[in-house]
Amino acid sequence: MGSRIRLSEPARPPVDLPSTVIPAIGEPIIRQLVHAFYQRVQHDSLVGGMYPPDEWEAAETRLADFLVYRLGGSQDYLTKRGAPRLRMRHASFAITPAARNRWMELMTEALAEAPLPQPYANIVTQFLSETATFLINRTDSH
């Protein structure tokens, strides 16, 4: 006889999905990560220059809300901002491979500071890396 699936038990998602992060670790760690990231961005000549000086707090809130939403937490981002439409929202910024790489360097430093347990740190890093690459909209030569 083959193995039987008990229909009364919902299937557990694999741990490597982004949607498993917030249920496992909670929102505060992600908000701490984003705060540590923006502390770095504010002083960075390449990435920091993309932000209007009076937008730091709003930018931090938007990124934190987005990550919480994408990592399996509350839907506040959707309620406040609607569909992410990341490429459209970032189209006015010159996101070159160099800017993407610097963004990831700053985020990697923040990840080292935030208490994300494994394997969730790897999931978040991979998600952020793929998303940052997706947002590249200019070459370095422009």
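None of the values given here were measured: they were computed from a predicted structure.
Here the side chains of P84 and L78 are in contact, with some heavy-atom distance below 4.5 Å. Using a 4.5 Å heavy-atom cutoff, the side chains of L67 and Y77 are not in contact. The side-chain heavy atoms of L71 and I25, taken from C-beta on, include no pair separated by under 4.5 Å. Counting heavy atoms from C-beta outward, R100 and L135 have side chains that stay 4.5 Å or more apart. No side-chain heavy atom of I29 sits under 4.5 Å from any side-chain heavy atom of V21.
Between the side chain of R87 and the backbone N or O of F134, at least one donor-acceptor pair lies under 3.5 Å.
Remark: Q118 engages N122 in a side chain to side chain donor-acceptor pair (under 3.5 Å) (not counting sequence neighbours). Take R70 and apply the side chain to side chain contact (heavy atoms under 4.5 Å, CB included) test, not counting sequence neighbours, and it matches F66, F127. T61 pairs by the side chain to side chain contact (heavy atoms under 4.5 Å, CB included) definition with D65, K80, not counting sequence neighbours. Shown here are the side chain to side chain donor-acceptor pair (under 3.5 Å) partners of E105, two or more places apart in sequence or in another chain: R102. Residues meeting the salt bridge (Lys or Arg N to Asp or Glu O under 4.0 Å) test with E113, sequence neighbours left out: R40. Residues that satisfy the side chain to side chain donor-acceptor pair (under 3.5 Å) test with N137, not counting sequence neighbours, are absent from this structure. By the salt bridge (Lys or Arg N to Asp or Glu O under 4.0 Å) test, D76 is found to be paired with no residue, residues two or more places apart in sequence or in another chain being considered. Every salt bridge (Lys or Arg N to Asp or Glu O under 4.0 Å) that E27 has, sequence neighbours left out, goes to R31. Every residue two or more places apart in sequence or in another chain was checked for a side chain to side chain donor-acceptor pair (under 3.5 Å) with T108, and none qualifies. Judged as a side chain to side chain contact (heavy atoms under 4.5 Å, CB included), and not counting sequence neighbours, the contacts of A58 are E55, R62. Among residues two or more places apart in sequence or in another chain, the ring pair (Phe, Tyr, Trp, His ring centres under 6.0 Å) test is passed with Y51 by Y38, W56.
Heavy atoms of other residues, nucleotides or ligands lying less than 6.0 angstrom from CD of Q42 number more than 12.
To the nearest 0.5 Å, the span separating CD1 on I22 from CD1 on I30 amounts to 4.5 Å. Going from atom CG of L128 over to atom CD1 of I123 covers 12.0 Å, rounded to the nearest 0.5 Å. Note: L46 CG to T96 OG1 = 6.0 Å, rounded to the nearest 0.5 Å. Rounding to the nearest 0.5 Å places NE2 of H43 at 11.0 Å from CG of L106. To the nearest 0.5 angstrom, R89 atom CZ is 7.5 Å from L86 atom CG.
Sorted by first and then second residue, the ring-ring contact (aromatic ring centres under 6.0 Å, His included) pairs involving residues 81-106 (not counting sequence neighbours) are F37-W103.
Scanning both residues, A99 and A94, for their nearest heavy atoms gives CB-O, 4.2 Å.
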